[in-house]
Amino acid sequence: MIFKKLALYGFFFLFLCAPFSYSQELQPSTFGNGLLNFMGKDSTWSAKVGARMQILSISSWSKDDEGFANPEQNFLVRRARLKFDGFVHSPKLQYKIELGLSNRDISGGSQFTRNTPRYILDAVVKWNFYQNFVIWFGQTKLPGNIERVISSANLQQVDRSLLNSRFNIDRDMGFQLRHHFTLGKKMLVREKFAFSQGEGRNVTEGNLGGHQYTTRLELLPFGKFTSKGDYIAADLKREKTIKLMLGATYDINKDAVKTRSNLGKYMFNDTGFYQTDISTVFLDFMLKYNGFSLMGEYANRDSDSPIALNSDGTETGDVVQVGNGLNLQTGYLFKNNWEISGRFTDIGLNEEITGKESEKQYTLGLSKYIVGHKLKVQTDLSYLTLDNGVDELMWRLQMEVHL
């Protein structure tokens, strides 16, 4: 079914492009740089069409008195996506469209998405309207924690950490303003601000609560990474000098109606929706040098009133997932493009409010980069410990193909 949909979208795109075949040029492309690359003969527009998929195998075991038992195994298409990007009128006016076709990509439809699959991941226009100022308009990732903004195609291990799944602020619809400047000879400073709907992606039934405001500041004291490597996991470019990015994000979702800011469950009560202000803070860094990489993240979520209430003051059973998280990840890339990596994640949601125990996960990964992140095989082994809970062991194997 996934490949039928990919073919359908591909033929649809070619059908749309056919009438313009005499006014455009098809540019030659190498593996990983798009299936099709078009450029208008008058250079007033461009279009790159790409596709990618991740095929994943997961095996897990829970721990009892006799050791690890109760095995579970699953195969799935973790991600299958079509990507379109380019510019229109001028290189200063860029666009990006990304469609998700796997079950995990499109799940989550509800009455607020008109009970339709959530195919659209990104649909955004970026306008460089003045010097180093760029305004974005549309649906795309908010400037949150570094691990979330790194594309799932460019990860160091099979998937993102528990910190990301518990705390990230994901995608939303709205405006973003971005700017950068240089201090002294090398230090690069980047400022990012987002004003968004605060309901998450593909919500079409109006704004149920307030709005979401996100501010991020990034400092690169030793200048730019090679090929935007600060937002690509693993040091595939083998930085010849130390490169470092320090980042801080503050996000406030006013009158939020979901348990994880713009993600999670809707919080209903006897009058409709329970609303509360939810704030999220991220502190993170990325360091690379000569094949070695180190990434760290800290997250905190808080709320003015985290326990959802009815109009008479009784509890509804929903709570905001408040608490803290820490994630540390490192790896070393050998010259034969094999990489070993390790990750430690510590999740501490407020147990008195959420009822959830502390989690610690240890992950050891092995990756073979055949054509960088465009063609790779990755495997990792994770051990999850829960305070007063059942420990788990998980092994994953995944292949990424990115055309």
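Count residues from 1 along the sequence. The analysis underlying the following values was restricted to heavy atoms, covering all of them including side chains, and did not include hydrogens, waters or symmetry mates. All figures in this text were calculated on a predicted structure; none of them were measured in a lab.
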Keeping [X] on the side-chain end and [Y] on the backbone end, is there a donor-acceptor pair under 3.5 Å?
| X | Y | result |
| --- | --- | --- |
| Gln197 | His211 | no |
| Asn115 | Gln111 | yes |
| Lys376 | Val401 | no |
| Arg160 | Glu147 | yes |
| Lys288 | Thr241 | no |
| Asn300 | Asn324 | no |
| Lys141 | Arg148 | yes |
| Asp122 | Glu98 | no |
| Gln378 | Leu155 | yes |
| Thr330 | Ser293 | yes |

Quick one: do the [X] and [Y] side chains pair a donor with an acceptor below 3.5 Å?
| X | Y | answer |
| --- | --- | --- |
| Asp284 | Asn145 | no |
| Thr280 | Arg260 | no |
| Arg78 | Gln398 | no |
| Ser261 | Asn253 | yes |
| Ser161 | Arg343 | no |
| Gln275 | Lys254 | no |
| Tyr274 | Asp318 | no |
| Asp391 | Tyr383 | yes |
| Thr314 | Asn310 | yes |
| Ser341 | Gln157 | yes |
| Ser305 | Thr276 | no |
| Gln139 | Asp172 | no |

Practice task
Sequence neighbours left out, what passes ring-ring contact (aromatic ring centres under 6.0 Å, His included) with Phe268? Give chain and number order.
Solution key: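 By the ring-ring contact (aromatic ring centres under 6.0 Å, His included) rule, Phe268 matches Phe273.
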Please determine if [X] and [Y] form a salt bridge, counting it only when a charged side-chain N lies under 4.0 Å from a carboxylate O.
| X | Y | value |
| --- | --- | --- |
| Glu400 | Lys374 | no |
| Asp105 | Arg79 | no |
| Arg216 | Glu218 | yes |

Practice task
Indicate, with yes or no, if the rings of Tyr213 and Phe195 have centres closer together than 6.0 Å.
Solution key: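 Yes, close enough.
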Problem - Aromatic centroids of Phe175 and Phe193 separated by under 6.0 Å - result: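 Phe193 vs Phe175: aromatic centres not under 6.0 Å.
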Problem - Ring-face cation contact, Phe222 with Lys243, 6.0 Å cut, 45° max - result: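 So Lys243 doesn't make the cation-pi contact.
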To the nearest 0.5 Å, how far apart are [atom1] in [X] and [atom2] in [Y]?
| X | Y | atom1 | atom2 | value |
| --- | --- | --- | --- | --- |
| Arg396 | Asp380 | CZ | CG | 4.0 Å |
| Thr214 | Leu142 | OG1 | CG | 4.5 Å |
| Ser303 | Ile278 | OG | CD1 | 5.0 Å |
| Ile146 | Glu297 | CD1 | CD | 7.0 Å |

Exercise for the section: Just say parallel, tilted or perpendicular for the rings of His373 and Tyr369, cut-offs at 30° and 60°. Expected result: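 Because their plane-to-plane angle is over 60°, the rings of His373 and Tyr369 count as perpendicular.
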Scan the side chains in residues 85-92 for donor-acceptor partners under 3.5 Å anywhere in the protein, sequence neighbours excluded, and list what turns up.
unit_1: Ser90; atom_1: OG; unit_2: Lys92; atom_2: N; d: 3.1

Around atom [atom1] of [X], are there more than 12 heavy atoms from other residues, nucleotides or ligands closer than 6.0 Å?
| X | atom1 | answer |
| --- | --- | --- |
| Lys265 | NZ | no |
| Glu352 | CD | no |
| Trp127 | CH2 | no |
| Glu72 | CD | no |

Exercise for the section: Could you check Ser152 against Arg81 for side-chain contact (heavy atoms from CB on, under 4.5 Å), going step by step and ending with a plain yes or no? Expected result: CA-CA 11 Å; Ser152 58; Arg81 298 180 177 177; 3.5 Å; yes
Exercise for the section: May I have all residue pairs that pass ring pair (Phe, Tyr, Trp, His ring centres under 6.0 Å) and include part of residues 307-360, sequence neighbours excluded? Expected result: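 Passing the test, one end in residues 307-360: Tyr332-Phe334, Phe344-Tyr362.
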Practice task
For the pair Ile55 and Val77, evaluate side-chain contact (heavy atoms from CB on, under 4.5 Å) and give the outcome as yes or no after the intermediate values.
Solution key: CA-CA 5 Å; Ile55 311 300; Val77 179; 4.1 Å; yes
Practice task
Give the minimum heavy-atom separation between Ser279 and Ile252, together with the two atoms involved.
Solution key: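 That closest heavy-atom pairing would be CB-CD1, 3.9 Å.
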Practice task
Step by step, work out the side-chain contact (heavy atoms from CB on, under 4.5 Å) result for Arg201 and Ile120.
Solution key: CA-CA 8 Å; Arg201 65 183 178 94; Ile120 300 175; 6.0 Å; no
